[in-house]
Amino acid sequence: MESKVLKITLPDGNTLELAEGATTLTVAEQIGPGLARAAVAGRYTIDGQTETIDLNRPLPDDCSIEILTKSDDSADSLYVLRHSTAHVMAEAICKLYPAAQLVYGPPLEDGFYYDIDLDESLTPDAFERIEAEMKRIVKEDRPFSRYDMSRDEAMTKLAGEKNRYKVDNAERAEGDTLSFYITGERRGEDFEDLCRGPHIRSTGQIGAFKVRQLSAAYYRGDANEKSLQRVYGTAFYKKKALKEHLHRLEEAKKRDHRVIGRQLDLFHIDEAVGQGLVLWMPAGSIVRKELQDFISDELRKQGYQEVFTPHIGKLDLYRTSGHVPYYEDSQFPHLLVVRDHARPLVKYLRECRDGNTLPDADRERELVRQANILEAEYPWEEKNSVRRYAIARELSMEGTEQCSCAQIAHHYASGGGQGFLLKPMNCPHHIKIFASRPHSYRDLPVRLAEFGTVYRWEQSGELNGMTRVRGFTQDDAHLFCTPEQVPEELANCLHLVRLIFTTLGITEYRVRVGLRDRDSDKFMGDEAKWDMAEQACRDAAKVLGVPFSEEVGEGAFYGPKIDFIVKDCLGREWQLGTVQVDPTLPERFGLNYVGSDNQEHRPVMIHRAPFGSMERFVGILIEHFAGAIPLWLSPVQVAVLTISEKSVEFGRKVHRVLADAGIRVELDDSDERIGPKKHDARAKKVPYLLVIGEREAAEGTVNVNNAEGKMLGSVALEEFVRTCLDEIETKSMRKLESPDACSGSGDSV
RNA sequence: GCCGACGUAGCUCAACGGUAGAGCACAGCUUUCGUAAAGCUGAGGUUGUGGGUUCAAAUCCCACCGUCGGCUCCA
């Protein structure tokens with residue numbers, strides 16, 4: 001076989017011709033010794049397909065190539081480094097804890113983790129020892145070496161090692177051969193791991209690393225599987241980069257909406273009220289109200305009608321919608337109401353309990369009959385009158401203190417009994433508004449909007465400030481339309497979401513089209529209609545013209561959806577705006593309208609919430625602006641700060657003029673110095689601070705300072721009012737930069 | 001719900017077996033001041049709750065409640 005010559009295209013467009021078997025390292029050496037030293041891995045592209053590859057593995061064919069180096073902090077380069085560091089950490093842990101079984105250790109966007117199965121609980125105290133061990137491995141500068149094995153051979157080898165996780169991993173891996181990476185060169189002696197690679201050249205290339213965090217993680221993300229210990233770490237090529245990274249994390253914490261929410265008195269969550277139940281403080285309420293008014297104005301323009309509905313609904317309503325029993329885990333306990341008929345029974349049993357006697361059987365039987373409780377439901381077998389009283393109370397639905405009673409749970413789960421549910425969603429109520437009147441196709445679309453508060457029993461460990469709560473208000477609306485109207489309505493909904501994001505300067509978001517998982521029982525409804533709805537979502541997302549990803553299993557239980565997802569200060573993703581196509585609930589509720597053919601037709605429903613929820617949106621917004629929210633949203637828009645008693649009178653006048661103009665203004669005429677007054681106003685992130693001294697009083701001007709404390713200069717009071725109102729009116733994100741700009745139009749400031 | 005860490009004054013933290021202390025905030029007084037924290041004085045806590053160990057518990061142990069970081073979940 002004659003040896004082939006490979007044509008390698010470099011990033012600068014030059015090409016190299018190398019003998020077959022050439023590696024990325026060969027290429028790097030050709031270019032220069034410095035590059036060869038700094039190189040960590042290669043990245044080649046053939047036919048538009050890009051792969052990262054070990055430095056010392058032969059390039060498969062003609063390709064264009066990019067050399068990843070230690071001085072390059074690109075995601076690709078760091079990815080290889082972190083994956084390699086995960087191997088080093090795994091080795092360290094195995095050495096310190098020989099009983100540890102390795103499971104899976106991928107790189108992450110900002111680090112890596114390794115899942116391990118170990119009975120002994122790891123604690124952060126172990127980090128130092130793990131790091132010390134890792135340091136040793138790094139110092140030894142062991143090369144990462146790869147070897148391949150046929151699948152059969154590898155499976156035999158792994159089976160012999162008695163690590164079921166690696167066997168599982170291997171079974172799920174693709175290809176006829178499996179690869180292993182040795183941290184070192186001595187096969188059978190040095191640490192090795194089943195791994196696709198690629199890796200950096202040697203452990204010495206790991207410049208800086210840190211073991212950071214511990215958590216439990218279920219094997220393969222399955223809560224029924226074994227709980228593993230996940231150890232997180234991160235790595236960089238340079239110590240400085242690690243330091244900066246850790247510093248950034250510290251800085252990001254200062255933007256945390258929970259921290260700023262307290263500083264600015266925006267909201268409060270009180271243990272005595274309940275987990276995940278947000279109390280909006282006066283300042284936070286202003287932000288929320290402004291946002292609601294903003295969207296209400298838009299909705300009016302777009303032909304929505306606002307409605308109000310109660311916070312609870314009958315269980316039967318949610319049995320129809322499918323919420324009961326399918327989503328019971330996420331619901332607050334049902335509200336059980338007093339059955340008047342049962343009161344005499346409860347009273348009698350209470351007397352027995354208080355008198356510490358057993359009830360008379362005949363009398364009890366008679367009262368049970370009167371109570372209209374099925375004999376079969378009644379706990380005759382309970383011999384204890386206290387217990388019997390408690391159960392009778394439950395059966396009579398008088399209170400719910402004892403609601404753990406399995407009989408009750410079973411009773412309700414099996415469809416019996418009338419009670420109420422705190423609404424987990426607004427749709428059933430809106431559906432009933434729609435269904436309360438006959439509709440002609442001429443009426444459609446009907447668009448019903450409500451700031452509807454819903455309650456969901458989120459797992460305690462999931463709660464998070466404002467972003468994950470148990471009671472929240474959706475800026476909800478449901479559109480009932482003909483199938484033909486769906487594309488246009490969807491497009492309008494998406495544009496509304498985008499308008500809101502644009503207005504608030506949220507540019508970093510991703511769009512996800514959530515589809516059903518055909519293998520899951522989480523989704524209900526007709527297959528064909530789902531297909532149509534999913535296609536409608538794809539089409540609408542395309543029309544919107546932003547990149548989006550399609551994700552299976554992310555749909556709502558009744559239909560597919562398009563979500564707008566934003567990251568918080570710690571990089572966690574939160575779904576904000578959502579638009580959902582629902583072919584299912586109209587069916588379940590038997591909704592219809594009369595078409596032009598005088599026949600009844602089934603409408604399609606669109607659920608949409610551009611903010612998602614007021615709580616989550618405001619939480620994210622606080623972090624987005626680090627508390628320095630735009631003027632139109634600011635709880636306090638202007639602070640008037642007097643310099644001394646001599647300027648208090650004019651300060652009061654300024655305050656009054658601004659207040660009369662509808663501007664949210666606060667006056668600080670306390671006998672403090674101007675420095676501290678400014679400091680206080682800045683701490684509250686007030687957008688404009690007006691310093692009022694004798695000079696201003698004499699001239700009728702105000703001395704304008706921005707939220708950063710920078711003095712912008714003085715301007716006539718009337719002019720400041722005008723500019724302020726303009727900035728508020730236009731919901732401008734831009735601030736005054738100099739007082740001269742005050743006289744200009746809103747756009748120029 | 002799971003794993004780990006943590007709960008001390010309104011906030012941020014100290015004290016880590018010998019019955020709690022600071023800064024900020026708050027109140028009073030002094031000061032009337034020109035742009036990033038004035039001074040003095042005062043008030044404020046049965047150390048999340050309940051048990052236990054101990055002569056003695058904020059401190060050690062257990063349970064519960066809550067918070068935080070992950071996991072899982074998220075209509």
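Computed from a predicted model, the values in this text were never measured in an experiment. Numbered from 1 within each chain, the chains take letters A, B, ... in sequence-line order.
- If you check distances only, the side chain of A/Tyr232 never reaches the base of B/G4 with a donor-acceptor pair under 3.5 Å.
- Residue-level contact check: A/Gln263 touches neither bases nor backbone, having no heavy atom under 4.0 Å from any strand.
- A donor and an acceptor atom never sit less than 3.5 Å apart when one is taken from the side chain of A/Arg456 and the other from the base of B/C73.
- Looking at A/Phe332 and A/Arg470, their side chains come closer than 4.5 Å, going by heavy atoms from C-beta outward.
- B/G18 and B/C13 are spaced 23 Å apart, taking the C1' atom of each and rounding to whole Å.
- Contact between the side-chain N/O atoms of A/Ser644 and the OP1/OP2 oxygens of B/G34 is not found at any separation under 4.0 Å.
- Separation of the C1' atoms belonging to B/G50 and B/A43 is 30 Å when rounded to the nearest angstrom.
- Across B/G44 and B/C6, the matching P atoms stand 31 Å from one another, rounded to whole Å.
- B/C16 and B/U59: their P atoms are spaced 13 Å apart (whole Å).
- No hydrogens or angles were tested; on distance alone, nothing pairs the side chain of A/Glu271 with the base of B/G7 as donor and acceptor under 3.5 Å.
- Contact check, A/Lys646 against B/C33: a side-chain N or O comes under 4.0 Å of OP1 or OP2.
- Between B/A20 and B/G4, the distance separating the two P atoms is 33 Å to the nearest Å.
- Proximity of A/Arg230 to the phosphate of B/C2: no side-chain N or O atom is located under 4.0 Å from OP1 or OP2.
- Counting non-hydrogen atoms under 4.0 angstrom, A/Leu641 reaches nothing in the nucleic acid.
- Residue A/Gly465 is classed as a sugar-phosphate contact, given heavy-atom separations below 4.0 Å to backbone atoms only.
- Across all strands shown, A/Asn464 has heavy atoms under 4.0 Å from sugar-phosphate atoms exclusively, and none from any base.
- Residue A/Arg468 places a side-chain atom within donor-acceptor reach of the base of B/C74, judged by atom type and a 3.5 Å distance cut-off alone.
- At distances below 3.5 Å, at least one donor-acceptor pair connects side-chain atoms of A/Lys677 with backbone N or O atoms of A/Asp668.
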